[in-house]
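Fair warning: this is a prediction, and the values are worked out from it, not measured in the lab. These values consider heavy atoms only, across backbone and side chains, with no hydrogens, waters or symmetry-generated copies. Just follow the structure's listing: the first ligand is 1, and inside any ligand the first atom is 1.
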Amino acid sequence: MAATTIHQAVGTLQSCRSNGNSVLCPDYGHVSLRSVSKGFKVDVGLVRGGSYCSKKRGNCVIQASASQATVSDAVSAPSSANSSDSKKKTSEAALILIRHGESMWNEKNLFTGCVDVPLTKKGVEEAVEAGKRISNIPVDMIYTSSLIRAQMTAMLAMTQHRRKKVPTIIHEESEQAGTWSQIFSEETNKQCIPVVTAWQLNERMYGELQGLNKQETADRYGKEQVHEWRRSYDIPPPNGESLEMCADRAVAYFKEHIEPQLAGGKNIMIAAHGNSLRSIIMYLDKLTSQEVISLELSTGIPMLYIFKEGKFIRRGSPAAPTEAGVYAYTKTLAQYRQKLDNMVQ
Ligand SMILES: O=C(O)[C@@H](CO)OP(=O)(O)O
């Protein structure tokens, strides 16, 4: 989509400001450039992602490049119209990372990679447990891979969230899919959390190891060789991706799509995979290619970062003995928890 479309959008969406590549529209919610180019002003039904853009809902950033455009929904404050606990006077945003719960191939000890298998019963329970641990942390947007085990994990985790917003998958695979998944109630839309699925967050592609048993592969090729395939930074498994290759797409996606949302104050949850998350953590924690080798992520354990003043601050694993250790990490999170407490009284 040509960048000129954006400028047409600026003309249509009054009170938008453009810096050339992006447009800030304080008076509008979730719009897509495609809908804008089709005449957003006269037909709110063209607004995708389930939001109306006719009422004041905070900031809406339209990010666009010459070839594509994505939109971030301005998520309303979680508790009431006048509260702004997930808005960012404090310029702080929470980032939750969750590796999916145990999958049916984790259980069988098979290399999985990009094969799309579901969670086991234990994986379902882990996802629910993860959800309990983050139930007091604000979540404005969710990113998952395109694989069902990550999507199940995100959805199951959100069943436990105290705010009770409904995670709603954004369908952008075709224009029709976008149009057919619209929501026609602004009120309902306010109670939704957009879920963006991205293949770039998929598990590292394991090449010819996919479907093989890990133990049998170690017996056949030797423990060291298999460890090198599984954990080295730049050595790919046969016809697969190394962690470095996986990082190239996962971290690029994170920087291009997720980091700007955090900078805009959105609280984000990412449900993804052992290796795509290892590569993102490597970026967040500035790990070296040596250090990342020993980084192992358990299934279903959420990790929390605070994004503040352009920096990621790791708050330890919320796998702490009680969830009290999670929300109390910052004043903003404690305030959010307080608001949730007040809501149920
Ligand atoms: O099989 C896989 O896709 C991954 C994650 O389960 O395995 P590994 O731990 O070897 O990277």
Which ligand 1 atoms, with their elements, are less than 4.0 angstrom from a heavy-atom of [X]?
X    : result
F111 : 1 (O), 10 (O)
K214 : 1 (O), 2 (C), 4 (C), 6 (O), 7 (O), 8 (P), 9 (O), 10 (O)
R231 : 8 (P), 9 (O), 11 (O)
N275 : 11 (O)

Carboxylate-amine/guanidinium proximity below 4.0 Å for [X] and [Y]:
X    : Y    : value
R231 : E296 : yes
K190 : E187 : yes
K165 : D140 : no

Which residue owns the protein heavy atom closest to [atom], what's the atom, and how far is it?
atom                    : result
atom 10 (O) of ligand 1 : R230 NE, 2.5 Å
atom 1 (O) of ligand 1  : T112 N, 2.8 Å
atom 5 (C) of ligand 1  : E203 OE2, 3.3 Å

[X] near ligand 1, heavy-atom distance under 4.0 Å?
X    : result
L110 : yes
G113 : yes
R204 : no
E296 : no
R99  : yes

(request) Provide the closest heavy-atom pair for A157 versus I98 in the form atom of the first, atom of the second, distance. (result) CB-CD1, 4.4 Å
(request) Check R249 against Q200 and note the closest heavy-atom contact, atom names and distance. (result) NH1-O, 2.9 Å
(message) Can you list everything that forms a side-chain contact (heavy atoms from CB on, under 4.5 Å) with M155? Sequence neighbours excluded, please.
(response) P167, I169, V195
(message) Using a 3.5 Å distance criterion without hydrogens, assess whether the side chain of T120 forms a donor-acceptor pair with backbone atoms of E102.
(response) yes
(message) Taking T159's backbone N and O only, do any of them form a donor-acceptor pair with K164's side chain (distance below 3.5 Å, no angle check)?
(response) yes
Test of understanding: given a 4.0 Å heavy-atom threshold, classify the contact between [X] and ligand 1 as side chain, backbone, both, or neither.
X    : result
W105 : neither
H273 : neither
N106 : side chain

(message) Considering both backbone and side-chain atoms of Y206, is one of its nitrogen or oxygen atoms within less than 3.5 Å of a nitrogen or oxygen in ligand 1?
(response) yes
(message) Check for me whether R314 meets the cation-pi criterion with F312, that is, NZ or CZ under 6.0 Å from the six-membered ring centre and within 45 degrees of the ring axis.
(response) no
(message) Please determine whether ring-ring contact (aromatic ring centres under 6.0 Å, His included) holds for the pair W229 and Y221, giving the CA-CA distance in whole Å, both sets of side-chain angles, and the decisive distance to 0.1 Å.
(response) CA-CA 11 Å; W229 283 334; Y221 296 97; 5.2 Å; yes
